[in-house]
Amino acid sequence: MTVYDAIVIGVGSMGSATAYRLAARGARVLGLEQFDVPNALGSSVGTNRIIRLAYSEHPDYVPLLHRAYELWRELEALAGEPLLVITGGVDVGAPASESVKGSLRSCEKHGLEHELLDAPSMARRFPGYRLASDMVAVYQPQGGFVMSERCVAAYVTAALDRGAEIHGRERVTGWEARSGRVHVTSDRSEYEARRLVLCAGPWTARLLPSFARLIQPERQVLLWTHPRLPEHFRPGQFPIFNMEAPEGRFYGFPIHGVPGFKIGKYHHLLEHADPDSLQRDCDARDEAVLREAIQRYFPDADGPTLAMKACMFTNSPDEHFLIDRHPDFAEVVIAAGFSGHGFKFCSVVGEVLADLALDDGTDWNIGLFRLDRFGARTSGY
């Protein structure tokens, strides 16, 4: 039996980046994906994902984001196509909201260029926005979006070009760590490796049942509309947004790649989901959740519906990532719980996971993501 340096389970956003980074370092890599490579069943469907440097969630993300931007540009060069689009970005809310306070905290700690704009200033500068009078926005010029579906394909291509072995339509049924090796069983074969990296997104709990309480899949819905005034919703005129409003927390994009202004709401209908039986059809109730925000804050985008898509978040209890070595099996690296804000990081997370797999550690500060913050222990699959 061939002994791989590393097996990566899940070849979506995190897994594709990890497979590439391992292969680029000369490792013998096998990636196993239960669906097509790529596919539209995980968390990266829907054309693009936001990237923002003024990170309201925690200042410790910002150094990782600086590196993520560098690595997205590296991937663009490898792929020969634009993958990172800079539009500027705003974190919006009441002055005392966590979105605004957290964004300002990260800007101030890391010396990020930014402006604080009130609602009238936003309307004059970016006429697609109609913020409530008590809202403010932290504008950071390096915000934008990453072409998520194209990035996964580009990372898979780059990994294959560097000798990685990638298998689609092959479901992992179990794994076992013993004698310094990891043995993986799929519905097609058996494999052995020195290291195992788990990047299975919403399916991770199937491979780590003891961690199920830390890895909660959730249904999410995206809506595209044709604006009444499309010129107000194009890159250059409309920055991406992260908005904390009385109606909930919303995020959105200018028109790019596919027709329409795009909007989503964090924790859309609070629907915990089984990833194998997710309701992928979208209905009038889904649309109403998002239309409420459009009509209130982006009225010029309140035109006909063009498309709706369902995807998934995979939430951790505190909505910070889970990136760590397995507490009982040093051969196993876990990456999960990206909680709806992980894609922008997958370029650097791939680098971190390759470090953990090949070097048994990383120079990056990932203390915020350690499993022991939950007292998490498990005895394996």
Side-chain angles (χ1 to χ4, degrees), residues 1-39 41-43 152 155-211 215 275 314 322-338 346 349-362 371 378-381:
M1 181 183 295
T2 298
V3 178
Y4 295 92
D5 293 311
I7 294 175
V8 179
I9 299 179
V11 190
S13 53
M14 301 300 170
S16 64
T18 302
Y20 162 71
R21 193 57 59 181
L22 287 164
R25 291 186 56 179
R28 186 163 194 170
V29 185
L30 171 64
L32 297 174
E33 170 57 52
Q34 63 179 324
F35 303 116
D36 290 340
V37 180
N39 65 76
L41 300 174
S43 299
V152 172
Y155 267 133
V156 171
T157 299
L160 291 168
D161 288 346
R162 284 151 185 80
E165 190 176 334
I166 306 291
H167 297 185
R169 296 185 173 234
E170 184 167 351
R171 185 174 64 88
V172 171
T173 57
W175 63 268
E176 182 182 7
R178 63 174 187 267
S179 304
R181 299 282 175 86
V182 182
H183 301 263
V184 175
T185 304
S186 79
D187 56 5
R188 294 192 178 210
S189 191
E190 296 181 2
Y191 307 97
E192 185 174 329
R194 296 177 180 85
R195 295 290 184 268
L196 175 65
V197 185
L198 297 174
C199 298
W203 288 270
T204 301
R206 305 284 172 84
L207 301 170
L208 291 169
S210 301
F211 284 102
I215 304 168
T314 308
L322 308 174
I323 301 175
D324 206 347
R325 306 280 290 282
H326 193 294
D328 294 316
F329 304 106
E331 304 90 346
V332 179
V333 177
I334 299 166
F338 290 95
C346 76
V349 167
E351 187 171 68
V352 169
L353 297 178
D355 289 346
L356 293 176
L358 299 180
D359 303 331
D360 296 330
T362 181
L371 294 169
T378 182
S379 57
Y381 186 78

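Only heavy atoms go into these numbers, but all of them, side chains included; no hydrogens, no water, no symmetry mates.
Heavy atoms only, all atoms of each residue included: L353 and A335 are closest at CD1-CB, 3.6 Å. The shortest heavy-atom contact between A23 and A164 is CB-CB, 4.1 Å. Taking all atoms of both residues into account, the shortest heavy-atom contact from I215 to G201 is CG2-O, 4.3 Å. P38 and V152 make their closest contact through CB-CG1, 4.0 Å (heavy atoms, listed as atom of the first residue, atom of the second, distance). The nearest pair of heavy atoms linking A354 to R21 is CB-CG, 3.7 Å.
Between atom CZ of residue R206 and atom CZ of residue R171 there is a gap of 9.0 Å, rounded to the nearest 0.5 Å. Atoms CG and CD, on L22 and E351 in that order, are 11.0 Å from each other to the nearest 0.5 Å. Residue Y191 holds its OH atom at 11.0 Å from CD1 of I9, rounded to the nearest 0.5 Å.
Under 4.0 Å is where a charged nitrogen must lie from a carboxylate oxygen, and between E331 and R195 no such pair does. In summary, R25 and D355 engage in a salt bridge, as defined by a charged side-chain N under 4.0 Å from a carboxylate O. Between R194 and D5 there is a salt bridge, since at least one side-chain N of the basic residue sits less than 4.0 Å from a carboxylate O of the acidic one.
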Check: Would L196 and V333 satisfy side chain to side chain contact (heavy atoms under 4.5 Å, CB included), going step by step from the backbone distance to the final call?
Finding: CA-CA 6 Å; L196 175 65; V333 177; over 6 Å; no
Next item on the list: Start with the C-alpha distance between T314 and T204, add both sets of side-chain angles, then the distance that settles side chain to side chain contact (heavy atoms under 4.5 Å, CB included), and finish with yes or no.
Entry: CA-CA 9 Å; T314 308; T204 301; 5.8 Å; no
Next item on the list: Decide yes or no on salt bridge (charged side-chain N to carboxylate O under 4.0 Å, His left out) for D360 and R325, but give the supporting numbers first.
Entry: CA-CA 8 Å; D360 296 330; R325 306 280 290 282; 3.5 Å; yes
Item checked: Audit row: E192, Y4, side chain to side chain contact (heavy atoms under 4.5 Å, CB included) steps and yes/no -> CA-CA 6 Å; E192 185 174 329; Y4 295 92; over 6 Å; no
Checklist line | side chain to side chain contact (heavy atoms under 4.5 Å, CB included) between V182 and I7, worked out | finding: CA-CA 9 Å; V182 182; I7 294 175; over 6 Å; no
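The shortest side-chain heavy-atom distance between E170 and D187 falls under the 4.5 Å cut-off. Inter-residue side-chain proximity for L356 and I323 is flagged as met; some heavy-atom pair is nearer than 4.5 Å. Side-chain contact between L198 and F211: absent, with no pair of heavy atoms (C-beta onward) separated by less than 4.5 Å. Looking only at side-chain heavy atoms (C-beta outward), V184 and S186 stay at 4.5 Å or farther from each other. Between C199 and T18, the closest side-chain pair of non-hydrogen atoms falls below 4.5 Å. L32 has its side chain out of reach of V8: every pair of non-hydrogen atoms, C-beta onward, lies at least 4.5 Å apart. A heavy-atom distance below 4.5 Å is found between the side chains of D36 and R169. The shortest distance between side-chain heavy atoms of S43 and P202 falls below 4.5 Å.
A side-chain donor-acceptor contact under 3.5 Å links D324 to the backbone of L371. Distance alone, capped at 3.5 Å, places no donor-acceptor pair between the R181 side chain and the A177 backbone. Side chain of N39 to main chain of L41: a donor-acceptor pair is present (N/O by atom type, distance under 3.5 Å, no hydrogens or angles).
When ring centroids are compared, F35 and W203 come within the 6.0 Å threshold.
Classification of the Y155-Y20 ring pair by plane angle, with boundaries at 30° and 60°, yields tilted.
Looking only at atom types and distance, the side chain of E190 has no donor-acceptor partner in the side chain of T185 under 3.5 Å away.
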